[in-house]
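Beneath this line is the structure, given in structure tokens, with notes to follow.
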Amino acid sequence: MSTEFTMAKAYEPSGLEEQLYAAWEASGAFNPDHLPDRNQQGEPYCILMPPPNRTGTLHMGHATMLAIEDVLARFHRMRGKKVLWIPGTDHAAIATQVKVEQLLIKEGIKDPRAELGREKFLERVVAFAEDSAKTINHQVRKMGSSCDWSRERYTFDAERNAAVNRVFAMMFEDGIIERGYRVVNWDPQFQTTLSDDELETKETTARLLTFKYDADFPIAISTTRPETKFGDTAVAVHPDDTRYQAFVGKTLDAVFCGKKIQIRVIADPAVDPAFGTGALGVTPAHSMIDAELAERHGLPTIPVIGRDGRLLLGAVPEAFVGCTLSDARKMIEEALQAQGLLQEVKEVPQALPIAQRGGAIVEQLPMKQWFVRANKPFALRQDTLGKWKKGDQVTLKELMREAVASKQTSIVPDRFEKIYFHWIEHLRDWCISRQIWFGHRIPVWYRGDELRVSEGSPGEGWEQDPDTLDTWFSSGMWTFSALGWPNEETWNRHRAYHPTAVLETGYDILFFWVARMVLMATYAIGEVPFKDVYLHGLVRDEQGRKMSKSLGNVLDPLDLIPKYGTDAVRLSLMVGTTPGMDVKLSEQKIEGFRNFTNKVWNIARYILSTTNADAAPSTTTTLADRWLDARLATVTRSVTEKLERYQFSAAAEELRDFTWNDLADWYLEIAKVEGGKDARLRRTLQTVLALWHPFMPFVTEEIWKQAAPGSPFLMVTPWPMAEGRAEEPVFTALQSLVTEMRRLRAEQRVEPSRAIAFSIVCESELWSQLEENSAWIKRLVHAEAITRTSSLPASWPVATQGATSVGFDPAGALDLAQEREKWKKELEATVGYIASLEQKLANQEFTAKAPEKVIQGMREKHADAVAKRDTLRARLAEDS
RNA sequence: GGACGGCUAGCUCAGUUGGUUAGAGCGUCACAUUGACAUUGUGAAGGUCAGAGGUUCGACUCCUCUGCCGUCCACCA
């Protein structure tokens, strides 16, 4: 026993974790350039951390992300790859600005933007963002993330701004960024445009009115939004609709609630003749669908709603000017009613578009904005995706489809590929300009009618576009902008890391972000941004509800870590889940894993305190040893394979099974009896620690200090190789023996310690024969055990020695009659099973068609069942 | 309205190309317990795999339909 041995009785993570993290970081192992030589030779392996928004603090979703990415990083690092995991944060333009505005309003500044002005306001936002970044980085460290802080990035730093400007200029030159007057989503609360993906729908009911514009108008229309009808320029009907044939092509004058309007009657197949009156009032200014109709038919666009969400001066009669939309809606309904124009009112369900941030009802307004054209062909700047050559004409949509269709990017789980393709099919032009202040400024300058794309001012008299870019425009470039593009020197240094190995994120931002990264990388670099996409599920509470402040069911990683330890929190987020499935998290679950980390600690404590580090390897190998080695080899192989396939839960469960059941509960007990296993125990412990390290970096690294004194960090230790034959016949035979011994013990035929019982087997010199004929040996050992133990326990020296240590309680004798009942039942079941097997094997149809493997398997099962039946019969006969 | 997913033990979930007695963790129950660990050990109970058809020698697994629950997409005005 080592005199320096010091391990607390229970694992106490707090304090230790900070020290370990600091030591790892100081060692340089987070930075690929400082990894050992074998990693320098290894394949580059890069993960970009999805940058958390600088809006405050991290939640359990972030914790899940960090846990999984850290497992990947540590696993591949140990396997010898040159691992680069880049941390970073996202300025999250609108989200951050909104957050700060709300804070300022709480401080008593009623209208922060108006009162502070652009410069002052931005100062406040920047200060807030800096603060958030600090908090976030602290939390990322707490999770044990082995990311390279020397390469920390921010989506809004100078280098990323250079990337944004470059891509913008490229796309502008290629004609796929355009400025245009089109109907866009407008958030009246925050006074900015929004992309289609920043909308949510709210289920409400609306009053569907059916009416005529005026008494002389020949066609009745239906709408839930009468207040927009001041902007109608057409009525559309289906081309085959005979009711309205006579009017198609004519332009009619009407007076709608006091406003003169001109209505052209058009025919378009998009109109559903069965809905309402079959005639649709077309409002090109305030409906995307109507805007498309208007474009096809060359209709004028008359906006009637202003940016404040109220009716516009000049566009509506005086009585309505400045009215809110809901007031106007009521007034119009009353007016129509009074004039006798209203034919029908119906309550209908309606999906209202609302802003994802803020929840305001989003209006559709025509505005001059910047767009990325998804469907417009352009000439490629380089060979792309191995399919297109430089100069080929393609659309962004085609690039996005090809990246996944060609499997250059695979999505795990693959059902999300379907969802991805579906989204791409419906992809429309992407409005990228925002009227908020916090974000990448649009690199466009105006002078009179002139327009120029430029990073800095082109000269005297030029003014920059006041708008900023959608935050996803910059985060879409993350994989290559973070690696230094377009700075040649930095980019060349990191070129080998792109495409990155895997993008790991929640499925909720598949469209926002994942798809846009594919767009940006295939466009700008000509290759996919990542080889794999791993999507984890959302973290929910124990009842499956979303965690939210209002429900009060939020679990905060920073509360849980001091309580249970980081390792336990990490495990609880990865075990018991599959890719893309939501995780139901409870404190009870975390507690279970805390218990497990403590178990690992105590396994190590026992081994390290009872074995000698300098002991020579044992010259004899017992059955138990071979059994352990075989199991470990199988587990090592299997865990490695599972981690390669992103099966984190399955890998951890298998390891837990081995660690707890095989190593702790079985082998350690046997070792107490057999002795002389110091070297094997220590070696096994080291392997187990290494296998666990990606999942539980802290407890394993801490034990490693004692388990492998003087060695480098476990973090940079080579991943275990599966040694020995995993599929030894002895292994399966022993498993049966284990069961058999348990039974003997239960029968009071052997001394009750499973370890002692097992040691009989190990002592006996049967194991070479065991490999040849396991069933025969099994029966033999069974008989052997019975004769040896029932006749003369005293002649069994091992048993008497070990008995006290494992707690033999003679008073706990079993009720033999009850046992006999069990045997009888089991015998019955076995006989039935044998009969069914025999029947099946006699079935010629089956034997003719079933593969040899299956039939062979059944024959073996049959033999086993027969043996079991005989044993049971013999036992019953003997006891009666 | 369209699409996708879930329905397996009391609870949370595995189940990898269909292979024949369906698995784990937690919980429950019984027993044990002072030298690694009560943050423990040994064992037990518990499932006609949502339902109905079909394909097959064989279906939790593939196909069709139905029923709940959930998610995403969708401005039938």
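By convention in this document, chain letters (A, B, ...) are assigned in the order of the sequence lines, proteins followed by strands, and residues within each chain are numbered from 1.
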Closest of rC76(B), rA36(B), rA74(B) to the A351(A) side chain is rA74(B)
Run the salt bridge (charged side-chain N to carboxylate O under 4.0 Å, His left out) test against E227(A) and tell me which residues pass, sequence neighbours left out. R225(A), R329(A)
Checking all strands, does K589(A) fall into the base, sugar-phosphate, or nothing category for heavy-atom contacts under 4.0 angstrom? nothing
For D196(A), which residues count as a salt bridge (charged side-chain N to carboxylate O under 4.0 Å, His left out) partner, sequence neighbours excluded? R428(A)
Report the secondary structure of RNA chain B in dot-bracket form, marking unpaired bases with a dot and bases paired to a different strand with |, and treating Watson-Crick or G-U pairs with both distances under 3.5 Å as paired. (((((((..((((.....[...)))).(((((.......))))).....(((((..]....))))))))))))....
Of the options Q350(A), E347(A), R207(A), which is the one that meets T224(A) in a side chain to side chain donor-acceptor pair (under 3.5 Å)? Q350(A)
Using OP1 and OP2 only, check whether a side-chain N or O of N595(A) sits under 4.0 Å from rU40(B). yes
With distance as the sole criterion, is a donor-acceptor pair present between the side chains of S287(A) and Q364(A) under 3.5 Å? no
State plainly whether the residues D567(A) and R594(A) are in salt-bridge range, i.e. N to O under 4.0 Å. no
Please classify the nucleic acid contact of F511(A) as base, sugar-phosphate, or nothing, using heavy-atom distances under 4.0 Å. sugar-phosphate
Which residues pass the salt bridge (charged side-chain N to carboxylate O under 4.0 Å, His left out) test with E653(A), not counting sequence neighbours? none
L208(A) has an atom CG; how far is it from atom P of rA77(B), in whole Å? 8 Å
To the nearest angstrom, the CD1-C1' distance between I419(A) and rC4(B) comes to 5 Å
Compare side-chain N and O positions of K599(A) against OP1 and OP2 of rG41(B) and report whether any pair is under 4.0 Å apart. yes
Starting from the 5' end of RNA chain B, give me the residue, E641(A) or V183(A), whose nearest nucleotide shows up first. E641(A)
Atom CZ of R207(A) to atom P of rC76(B): distance rounded to whole Å? 22 Å
Can you tell me, in whole Å, how much space there is between the P of rA44(B) and that of rC26(B)? 16 Å
Nearest to the side chain of R540(A), which nucleotide is it out of rU42(B), rU71(B), rA36(B)? rU71(B)
Roughly, in whole Å, what's the span from CE in M7(A) to P in rA36(B)? 14 Å
Given the C1' atoms of rA9(B) and rG15(B), what is the spacing between them in whole Å? 14 Å
Are the charged groups of K397(A) and E425(A) less than 4.0 angstrom apart, N to O? no
Select from P273(A) and Q647(A) the residue whose nearest nucleotide in RNA chain B is closer to the 5' end of that strand. Q647(A)
Base, sugar-phosphate, or nothing: which does R859(A) touch, judged by heavy atoms less than 4.0 Å apart? nothing
side-chain hydrogen bond (donor to acceptor under 3.5 Å, both in side chains) against Y11(A), all qualifying residues, sequence neighbours excluded: none
Provide, to the nearest angstrom, the distance between the NE2 atom belonging to H426(A) and the C1' atom belonging to rG1(B). 12 Å
Would you mind telling me which of rU39(B), rG5(B), rA14(B) lies closest to the side-chain atoms of R415(A)? rG5(B)
Is the W692(A)-F596(A) ring centre distance short of 6.0 angstrom? yes
E654(A) CD to rU16(B) C1': how many Å, rounded? 13 Å
Taking the minimum atom-to-atom distance to the side chain of K584(A), which one of rC13(B), rA77(B), rA36(B) wins? rC13(B)
Rounded to whole angstrom units, what separation is found between the CG atom of D272(A) and the P atom of rA77(B)? 11 Å
Is it true that the NZ or CZ of R516(A) lies under 6.0 Å from the centre of W430(A)'s six-membered ring and within 45 degrees of the ring axis? yes
Between rG6(B) and rA50(B), how far apart are the C1' atoms? Round to whole Å, please. 11 Å
Check every atom of rA77(B), rU71(B), rA14(B) against the side chain of T223(A) and return the nucleotide holding the closest atom. rA77(B)
Within the structure shown, what part of the strands sits under 4.0 Å from Q364(A) by heavy-atom distance: base, sugar-phosphate, or nothing? base
Determine the contact category for E203(A): base if any of its heavy atoms lies under 4.0 Å from a base atom, sugar-phosphate if only primed atoms, P, OP1 or OP2 are that close, otherwise nothing. base
With B for base contact, S for sugar-phosphate-only contact and - for none (protein heavy atoms under 4.0 Å), nucleotides 17-27 of chain B reads --BBB--SSSS
So does R225(A) get a side-chain nitrogen or oxygen closer than 4.0 Å to the phosphate oxygens (OP1/OP2) of rA77(B)? no
Indicate whether OP1 or OP2 belonging to rA14(B) is found under 4.0 Å from a side-chain N or O atom of T578(A). yes
Between rG41(B) atom C1' and Y667(A) atom OH, what is the distance in whole Å? 20 Å
P spacing across the pair rU8(B) / rA52(B), given as an integer number of angstrom: 15 Å
Does the structure place the NZ or CZ of K229(A) under 6.0 Å from the centre of the six-membered ring of F256(A), at an angle of no more than 45° from the ring's axis? no
